[in-house]
**Q** 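Starting off with a structure, shown below.
The figures that follow rest on heavy atoms only: side chains count, while hydrogens, waters and symmetry mates do not. Just follow the structure's listing: the first ligand is 1, and inside any ligand the first atom is 1.
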Amino acid sequence: MSVNDDNSTAVDLALFGALGDLALRKLYVALYHLDREALMAPETRILGLARQEYDKDAFRARVRDALETRVRPDERTEESMNRFLARLDYIEIEFASPESYNQIAQWHGNSPRPLTIYLSVPARLYGEICANLSKSGCLDDESRVVVEKPIGYSLQTSEEINDAIGAVFDESRIYRIDHYLGKETVQNLLALRFANPLFGSQWNQSHISHVEITVAETVGIEGRWGYFDQAGQLRDMVQNHLMQLLCMIAMDPPSNLDADSIRDEKVKVLKALRPFEGERLSTDVVRGQYIAGTIAGKSVPGYLEEEGANVDSRTETFVAFKTEIQNWRWAGVPFYLRTGKRMPEKLSQIVIHFRPQSHYIFDNDQRSMAANKLIIRLQPDEGIALQVLTKDSGLDKGMRLRTGPLHLDFHQAFPSARIPDAYERLLLEVMKGQQYLFVRRDEIEYSWRWIDRMIEGWEARDILPKRYPAGSWGPVSSIAMITQDGRSWYEDY
Ligand SMILES: NC(=O)C1=CN([C@@H]2O[C@H](COP(=O)(O)OP(=O)(O)OC[C@H]3O[C@@H](n4cnc5c(N)ncnc54)[C@H](OP(=O)(O)O)[C@@H]3O)[C@@H](O)[C@H]2O)C=CC1
Ligand SMILES: O=C1O[C@H](COP(=O)(O)O)[C@@H](O)[C@H](O)[C@H]1O
């Protein structure tokens, strides 16, 4: 099956953690949309697995509630809701009890549909669940497993979890989710870079001076203190999502769209990332933690005042850093990345700064603006803008320059097309048996290796997060980090 083929094969989807936050907020909504758009095979069945006492009807009612809250009224009808809900079954099960797994084997029976396990549970349970599935005889060579991020909190723990999954499932059957790879605009990076010769020929250190990646969130930790305080923004967002964005921007062209061709190129980027050592841990990295502030006119508490908070926490909610990719394509090109919670707006954006003209003939006072920028808006207001220089119009303007965007706004360009949620694309690819949007084991491990060194450096040097008010763009030192290079974060939001 090719990546262009949108037909999924029928599967028996067994969803562990069926009453959890992710399932109720994201997964049923995504599955519903696939069904509504006839992208889910009619024979596909979905089994919810959790330990709460529900029967099938109560479970369907719970999922209906979740859909009614999250699917727009004009995107649901009684018929489309009922058709989707009729696919659902529920089994009450304690994941640690091997004896209860025969219920899953019975549900799957002799079905020709591949049993597709979705582990929407904390990663520490992955190994035990896989082992219990294997012992219960549910699995065969066609079975697949989908696992959520984060896989571990260090290289060592991720290796342990990957070993446990790998003891049961072959790598070709493991779908590691990084939901940023399912975002339509992130996939568009492949099209932008590899379908447009204009950019393909300029995508290197001869033409690009530096690259910025910003992933800003307005939310805080949303009641997830227990998880987040162990992780911090570096493990929660950088190790996975920002590293994947960096790879998509920096990788060499894959020879085709096969999963392994793409993943091989991403791994080369991760291996070439300059490690943080010595003074660079202080000069090129900024950790931050939000204090109380205001976002969109509303007061919000500081991190240490969140529900369940430990007032001594040193966990970072913001990270900015400057890195380099040590290879022929990118030698000498700084990559500036930043991500944080409680920022003034939700914004994921990549800015490619091209080098200025080598010989400049216009007014000298305009020289600093004389370079092109490519702005890739991942969310919200998805689109691509190329900042170009033109002559300012008017008889009195002489040869004065001005910058203006050549702008492709995806919502305006494709008004009838709904931008699907990342989980829709990812679940569809699982059903198609396509792995190119999922993360291979070595990608995760090279990323952890790099992140672990940063964390070890922070600990060895006792580098604490700097405070920043909620509603700001992070600690002032994250601005200084880039301005000391004579540059600034792109601010035309
Ligand atoms: N929530 C999110 O936005 C995101 C989550 N993820 C990842 O997705 C996964 C799921 O996260 P999330 O939905 O937030 O987690 P939750 O804790 O909300 O959900 C976990 C579910 O698993 C059930 N469960 C846990 N342990 C057992 C057990 N031993 N036996 C039976 N049922 C059990 C829980 O039941 P009970 O309610 O009874 O405890 C609950 O239904 C995690 O790996 C997380 O890191 C990734 C990105 C974003
Ligand atoms: O994985 C995670 O991602 C969300 C941000 O995702 P987005 O699609 O809304 O950009 C983040 O809030 C969460 O902490 C993290 O676990």
**Q** Taking the ring centre of each residue, are W107 and Y90 less than 6.0 Å apart?
**A**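 So the answer is no for these two rings.
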**Q** Below 3.5 angstrom, do we get any N/O pair linking A23 and ligand 1?
**A** no
**Q** Go through it in stages, so that I can follow the logic: the residues are R441 and D163, the test is salt bridge (charged side-chain N to carboxylate O under 4.0 Å, His left out), and I'd like the CA-CA distance, side-chain angles, deciding distance and then a yes or no.
**A** CA-CA 10 Å; R441 175 173 180 159; D163 282 347; 2.8 Å; yes
**Q** Strictly under 6.0 Å, is that where the ring centroids of H210 and Y336 end up?
**A**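 Distance test on ring centres: under 6.0 Å, yes.
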**Q** Do me a favour and list the nearest non-hydrogen protein atom to atom 22 (O) of ligand 1 with residue, atom name and distance?
**A**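 Closest protein heavy atom to atom 22 (O) of ligand 1: G17 CA, 3.3 Å.
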**Q** Could you check, using the six-membered ring where one of them is a Trp, whether F318 and Y290 have ring centers closer than 6.0 angstrom?
**A** no
**Q** State whether the shortest distance between N or O atoms of R224 and N or O atoms of ligand 1 falls below 3.5 angstrom.
**A** no
**Q** At what distance is the nearest protein heavy atom to atom 20 (C) of ligand 1, and which residue and atom is it?
**A**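 Result for atom 20 (C) of ligand 1: S120 O, 3.8 Å.
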**Q** Minimum heavy-atom separation for V168 and S134, please, with both atom names.
**A**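 Scanning both residues, the minimum pair turns out to be CG1-CB, 3.9 Å.
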**Q** Does NZ or CZ of R449 fall inside the cone over Y446's six-membered ring, less than 6.0 Å from its centre and within 45° of the axis?
**A**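 Because its charged atom sits under 6.0 Å from the ring centre and within 45° of the axis, R449 does stack over Y446.
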**Q** State which residue, out of R440, Q435, R176, fulfils the side-chain hydrogen bond (donor to acceptor under 3.5 Å, both in side chains) condition with E171.
**A** R176
**Q** Is any side-chain heavy atom of Q233 closer than 4.5 Å to one of R287?
**A** no
**Q** Distance below 4.0 Å between atom 34 (C) of ligand 1 and any protein heavy atom?
**A**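 There is no protein heavy atom less than 4.0 Å from atom 34 (C) of ligand 1.
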**Q** Who gets closest to atom 26 (N) of ligand 1 by heavy atom: L125, V121, L19, L27?
**A** L125
**Q** Minimum distance, heavy atoms only, to atom 44 (C) of ligand 1: which one of Q52, K26, K149 is it?
**A**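 Selected option, by shortest heavy-atom distance: K149.
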**Q** Strictly inside 4.0 angstrom of atom 38 (O) of ligand 1, do you find any protein heavy atom?
**A** yes
**Q** If you define the side chain from C-beta out and look only at heavy atoms, does anything of Q244 sit under 4.5 Å from V439?
**A**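 They are in side-chain contact.
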**Q** So which heavy atom in the protein is nearest atom 8 (O) of ligand 1, and how far is it from that ligand atom?
**A** E148 CG, 3.3 Å
**Q** List every atom of ligand 1 that sits less than 4.0 Å from any heavy atom of R25, numbering the atoms from 1 in the order shown and giving each element.
**A** 1 (N), 2 (C), 3 (O)
**Q** Does NZ or CZ of K183 fall inside the cone over Y180's six-membered ring, less than 6.0 Å from its centre and within 45° of the axis?
**A** yes
**Q** For Y227, is at least one N or O under 3.5 Å away from an N or O on ligand 1?
**A**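 In this structure, Y227 places no N or O atom under 3.5 Å from an N or O of ligand 1.
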**Q** Is any heavy atom of the protein nearer than 4.0 Å to atom 15 (O) of ligand 1?
**A**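 Answer no: nothing from the protein, no heavy atom, is under 4.0 Å.
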**Q** Under 4.0 Å from any heavy atom of I93, which atoms of ligand 1 are there?
**A**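 Close to I93: 30 (N), 31 (C).
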**Q** With ring pair (Phe, Tyr, Trp, His ring centres under 6.0 Å) as the test, pick out the partner of Y175 among Y118, F438, Y436.
**A** F438
**Q** At under 4.0 Å between heavy atoms, is it the side chain or the backbone of Y118 that contacts ligand 1, or both, or neither?
**A** neither
**Q** Atom 1 (N) of ligand 1: which protein heavy atom is closest, and how many Å away?
**A**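 The answer is D21 OD2, 2.7 Å.
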**Q** Can you confirm whether more than 12 heavy atoms, excluding those of E53, are under 6.0 Å from its CD atom?
**A** no
**Q** Is there a side-chain contact between I117 and L115 (heavy atoms, below 4.5 Å)?
**A**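 SC-SC contact between I117 and L115 confirmed.
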**Q** Which residue holds the protein heavy atom closest to atom 25 (C) of ligand 1, what is that atom called, and what is the gap in Å?
**A**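 Protein heavy atom at minimum distance: R51 NH2, 3.9 Å.
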**Q** With a 6.0 Å cut-off on ring centres, are F321 and W450 close enough?
**A**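 Yes: the rings meet the under 6.0 Å criterion.
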**Q** Measure the distance from atom 32 (N) of ligand 1 to every protein heavy atom, then report the residue, atom name and distance (to 0.1 Å) of the closest one.
**A** F95 CE1, 3.1 Å
**Q** Can you establish whether the number of heavy atoms outside E68 located under 6.0 Å from its atom CD is more than 12?
**A** yes
**Q** Distance under 4.0 Å, heavy atoms only, partner ligand 2: which residues pass?
**A**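 Only K149, H179, Y180, K183, E217, R224, D236, M237, H241, K341, K346, Q379 have heavy atoms that fall under 4.0 Å of ligand 2, ordered by chain and number.
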**Q** Could you list which atoms of ligand 1 come closer than 4.0 Å to a heavy atom of Y126?
**A**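 Selected atoms, number and element: 43 (O).
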**Q** Between R87 and T44, what is the shortest heavy-atom contact and its length?
**A** NH1-O, 2.9 Å
**Q** Should L49 and L15 count as side-chain neighbours, where that means a heavy-atom distance under 4.5 Å?
**A**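 Sidechains of L15 and L49: no contact.
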**Q** For the 3.5 Å polar cut-off, considering only N or O atoms, please tell me whether H179 and ligand 1 meet it.
**A** no
**Q** What atoms in ligand 1 come closer than 4.0 Å to a heavy atom of L22?
**A**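 Listed by number with element: 1 (N), 2 (C), 4 (C), 8 (O), 12 (P), 13 (O).
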**Q** For atom 40 (C) of ligand 1, tell me which residue out of P122, A18, A50, G20 has the closest non-hydrogen atom.
**A** G20
**Q** Near E94, which atoms of ligand 1 are under 4.0 Å from a heavy atom of that residue?
**A** 28 (C), 29 (N), 30 (N)
**Q** Counting each atom of ligand 1 from 1 as listed, which ones have a heavy atom of P150 under 4.0 Å away?
**A**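 Answer for ligand 1: 45 (O).
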